[in-house]
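Have a look at the structure below, then the notes.
Just the heavy atoms: all of them, side chains too, but no hydrogens, waters or symmetry mates, feed the values below. All of these numbers come straight from a predicted model, not from anything done at the bench.
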Amino acid sequence: MLTSLADRLTHLPREARDTLFLLAVIAWVVLMQLGHIPVWCAILAFGILLWRTGLTWRGAPLPGWMPRLVLLALTLGATWVTHSTILGRDAGVTLIVVLLALKTLEMRARRDAFVIFFLAFFTLLTHFFYSQSLLTAVGILLALLGLLTALVNAHMPVGRPPLRRSAGIAAGMAALGLPVMVVLFLLFPRMAPLWGVPGEDPRGRSGLSEEMRVGEIAELVLNDEIAFRIRFDGDVPPQGAMYFRGPVLGDFDGVRWRPQRSGFPPAMALPVDLELQGPAVSYEVTLEPQRRPWLFLLEATRQAPDLPALQPRMTRDLQWVTQRPVNELLRYRAQSHVQFRHGPREPMLGLQDYLELPPGFNPRTLALAQEIRRVHGAGPEAAPAVLAAVIERLRTGGYAYTLEPGVFGQHAADEFWFDRREGFCEHIASSFVILMRAMDIPARVVTGYQGGEVNAVDGYWVVRQRDAHAWAEVWLRGEGWVRVDPTAAVAQWRIGSLDRLRPAPGALAGLVGALDPTLLAQVRAVWEAVNNSWNQWVLNYTQGRQLDLLQRLGWSSPQWTDLLYALLAVVVLASLGAAAWQLWERQQHDPWLRLLDRARRQLMRHGLPDVGHLPPRALAERTRRHFGDGPFSQATTQWLLRLESWRYGRESAEPLATLREEFKRLPWPPKESR
């Protein structure tokens with residue numbers, strides 16, 4: 001069957017063959033948009049393309065204007081129902097995908113094909129609205145080469161040029177444009193991120209949110225996406241000290257934890273009082289788009305990263321936030337101290353916010369707090385003894401760390417402490433903080449990421465969404481807020497080991513797992529290193545790096561206008577180089593042909609009718625007939641015959657330079673008036 005299809009394709013008319021190839025390329029362009037267009041849009045677009053393929057294969061006529069008008073009306077209506085508008089990014093992409101498919105139904109002439117080419121090129125650009133990843137770039141490159149090949153086919157003369165030849169010409173065109181692309185990439189001023197279009201989905205990509213419900217972070221362990229990468233300048237801190245701070249949650253309603261909203265005026269708010277200790281750790285973070293206004297930094301950082309466009313600031317809870325959400329790949333440098341103290345050292349009025357518990361929740365946890373009170377006391381004065389007792393209970397009480405804790409009910413802390421005795425990090429941290437507050441010790445939940453893994457290929461530390469974590473902070477007199485990670489008491493390996501907890505493999509993962517795990521790990525590390533290089537050198541090539549390039553090239557204090565000057569200088573130099581190359585190429589032409597062409601032009605200027613590309617002997621005969629048998633005609637005829645003999649004779653009796661000098665001394669007659 002495949003052989004018959006191949007034979008049928010071979011014997012199709014040239015126009016049908018070129019049309020089928022173009023339809024295949026358009027199908028690839030639409031296929032890359034499957035994750036960003038509605039299901040009905042994909043079905044409609046591929047249905048139209050299949051319809052057009054069938055018409056081409058059978059040689060049937062194209063449909064009239066009525067079916068196309070009906071499909072267009074349905075597309076507009078469905079787009080309005082899906083997006084509540086026909087404007088904007090998502091609605092616009094939906095429309096252009098269907099319009100591209102519809103345009104193929106009226107492709108009757110080369111002019112229509114050119115419209116489809118331009119529309120397909122524009123559709124290619126819309127892919128960057130959603131992703132600028134390396135895979136997306138590779139897919140777009142394949143589509144670009146396909147469209148260029150189809151464009152070359154459209155300009156080919158009649159006949160049946162092989163597809164391989166058209167593809168070779170298209171690849172050559174792309175290679176010729178590569179230097180221009182590189183120069184524009186390096187020097188064209190980046191006034192703003194070109195593709196930094198905010199998404200219309202209000203939810204963030206980050207696994208963390210501004211509030212925490214027990215059980216939500218456990219779902220993130222199934223998400224293996226990269227949250228951010230880190231490149232340390234020098235010594236790497238112990239993995240157990242790698243806490244990347246996110247939202248700090250102090251308000252608890254019995255179900256959810258939210259950031260604390262104090263009713264005190266700013267002047268009475270708790271002071272930061274950050275005191276850094278020990279050596280500093282310098283590093284660079286490459287943060288993936290998350291649609292959250294958060295910067296993840298090692299605890300703790302005093303100096304803001306150099307991101308003037310985002311205006312980062314540190315909250316009173318030591319969380320770093322930006323002026324707007326991070327919607328694009330972001331790279332920044334920071335310096336942190338893993339040893340620090342912060343918060344008030346003595347009791348203050350604002351600390352009472354971190355003692356509140358909603359009434360009617362977790363009665364058995366409150367009873368447990370009363371038992372501990374009778375033995376160790378309560379309040380900040382008894383905090384060290386209470387902490388030691390609770391940590392010992394977690395360590396020796398049969399508590400376990402699990403990825404499948406199940407659904408907790410209304411009294412989540414009671415279930416953890418007395419019934420299930422197992423949970424994920426947020427179950428443990430939440431239950432711990434509730435117990436601390438029940439004993440009049442100020443406490444709060446901190447969310448973020450903990451640990452990570454190093455990529456042996458490029459040396460970057462990779463922090464994934466499955467590294468999301470929740471821990472606690474308690475307030476101690478004379479020390480301020482102190483980190484306490486109760487998960488470490490239940491599962492020390494979760495905090496300090498490179499062997500991270502992973503979800504149970506599914507069916508597909510089980511099949512892949514049958515392969516050599518070492519090989520799979522190496523392949524994954526290589527791919528992530530390549531993808532990271534793409535992020536570092538392409539997506540994160542900002543205006544700052546452009547100015548750094550100019551500084552290395554000799555500019556002392558480059559500005560963005562200097563990029564324009566540099567680009568203009570490159571254009572001028574390239575133009576001069578092209579002119580010199582053209583002059584050199586002209587000099588490389590056959591000197592005999594240049595001398596013959598010079599003789600033709602000179603004879604035409606003296607009145608000889610248009611000689612076209614006559615060879616020397618025919619030119620001599622026409623010269624004799626036009627000018628007669630005078631001295632000029634005889635001398636010119638003899639010179640032309642000697643020129644022919646120089647080229648085609650068995651032996652050259654004289655050098656070409658002699659003929660060139662004699663040509664200058666020919667007795668040219670006066671030029672005839674025209």
Side-chain angles (χ1 to χ4, degrees), residues 212 214 248-257 260 270 343-402 405 408-446 469-492 494-495:
M212 182 190 80
V214 172
V248 179
L249 314 175
D251 181 39
F252 182 54
D253 62 3
V255 177
R256 291 184 178 272
W257 287 91
Q260 184 67 52
L270 294 177
R345 307 298 192 265
E346 297 298 328
M348 292 186 63
L349 191 60
L351 290 174
Q352 68 184 27
D353 290 336
Y354 298 97
L355 295 174
E356 295 181 357
L357 289 173
F361 288 90
N362 302 300
R364 288 184 289 172
T365 302
L366 300 182
L368 174 62
Q370 292 299 324
E371 294 179 8
I372 299 176
R373 277 174 179 266
R374 286 192 290 270
V375 177
H376 301 286
E381 293 77 11
V386 170
L387 282 175
V390 175
I391 294 298
E392 182 64 19
R393 181 185 181 94
L394 287 171
R395 184 179 295 113
T396 60
Y399 296 94
Y401 180 75
T402 178
F408 279 60
Q410 177 182 1
H411 306 295
D414 284 357
E415 292 186 47
F416 172 76
W417 287 115
F418 300 100
D419 300 331
R420 306 191 183 200
R421 294 179 180 265
E422 64 178 13
F424 197 62
C425 60
E426 79 268 34
H427 301 89
I428 304 172
S430 175
S431 302
F432 178 85
V433 170
I434 291 172
L435 183 58
M436 289 297 104
R437 290 188 175 191
M439 290 182 288
D440 295 332
I441 299 175
R444 60 192 186 186
V445 176
V446 184
H469 192 52
W471 60 94
E473 280 186 339
V474 298
W475 185 84
L476 301 180
R477 183 190 295 270
E479 297 186 46
W481 291 107
V482 176
R483 180 201 304 142
V484 179
D485 194 343
T487 302
V490 176
Q492 176 61 41
R494 167 59 180 88
I495 307 302

query = After noting the C-alpha distance and the side-chain angles of R364 and W417, does the key distance pass the side chain to side chain contact (heavy atoms under 4.5 Å, CB included) rule?
reply = CA-CA 9 Å; R364 288 184 289 172; W417 287 115; over 6 Å; no
query = I434 and F416: side chain to side chain contact (heavy atoms under 4.5 Å, CB included), yes or no, with the steps?
reply = CA-CA 12 Å; I434 291 172; F416 172 76; over 6 Å; no
ask   = So H469 and D485, side chain to side chain contact (heavy atoms under 4.5 Å, CB included) or not? Walk me through it.
value = CA-CA 10 Å; H469 192 52; D485 194 343; 2.8 Å; yes
request  = Carefully, step by step, assess Y399 and I428 under the rule side chain to side chain contact (heavy atoms under 4.5 Å, CB included).
outcome  = CA-CA 9 Å; Y399 296 94; I428 304 172; over 6 Å; no
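At distances below 3.5 Å, not a single donor-acceptor pair connects side-chain atoms of D440 with backbone N or O atoms of A378. Formation of a donor-acceptor pair under 3.5 Å by the R437 side chain with backbone atoms of Y354 is found in this model.
Residue V445 comes nearest to A429 through the heavy atom pair CG2-O, 4.3 Å, listed as atom of the first residue, atom of the second, then distance. Contact record, S431 with A412: OG-O, 4.4 Å, taken as the closest heavy-atom pair. Taking every heavy atom of both residues into account, P363 and H411 meet most closely at CD-ND1, 3.7 Å. Residue G250 comes nearest to R444 through the heavy atom pair CA-CB, 4.3 Å, listed as atom of the first residue, atom of the second, then distance. Heavy atoms only, all atoms of each residue included: A369 and M439 are closest at CB-CG, 3.6 Å. Closest approach of R345 and G480 over heavy atoms only: CD-N, 4.1 Å.
Annotation: side chain of C425 is not in contact with side chain of W471 (no heavy-atom distance under 4.5 Å). Using a 4.5 Å cut-off on side-chain heavy atoms (C-beta onward), L249 and V433 make no contact. In this structure, the side chains of N362 and L357 stay at 4.5 Å or more apart for every pair of heavy atoms. Annotation: side chain of M348 is in contact with side chain of L270 (closest heavy-atom distance under 4.5 Å). The closest side-chain heavy-atom distance from I391 to F432 is below 4.5 Å.
Distance CZ/R421 to CG/L394: 10.0 Å, rounded to 0.5 Å. Atom-to-atom distance recorded for S430:OG and F424:CZ is 14.0 Å, nearest 0.5 angstrom. In this structure, CZ in R393 is found 4.5 Å from CG in L368, a value given to the nearest 0.5 Å. The CE atom of M436 sits 14.0 Å away from the CD atom of E473 when rounded to the nearest 0.5 Å.
Ion pair R477/E346 flagged as a salt bridge, since at least one NZ, NE, NH1 or NH2 atom sits closer than 4.0 Å to an Asp/Glu carboxylate oxygen.
Residue W475 is tested with L351, V482, I441 for a side chain to side chain contact (heavy atoms under 4.5 Å, CB included); the sole match is L351.
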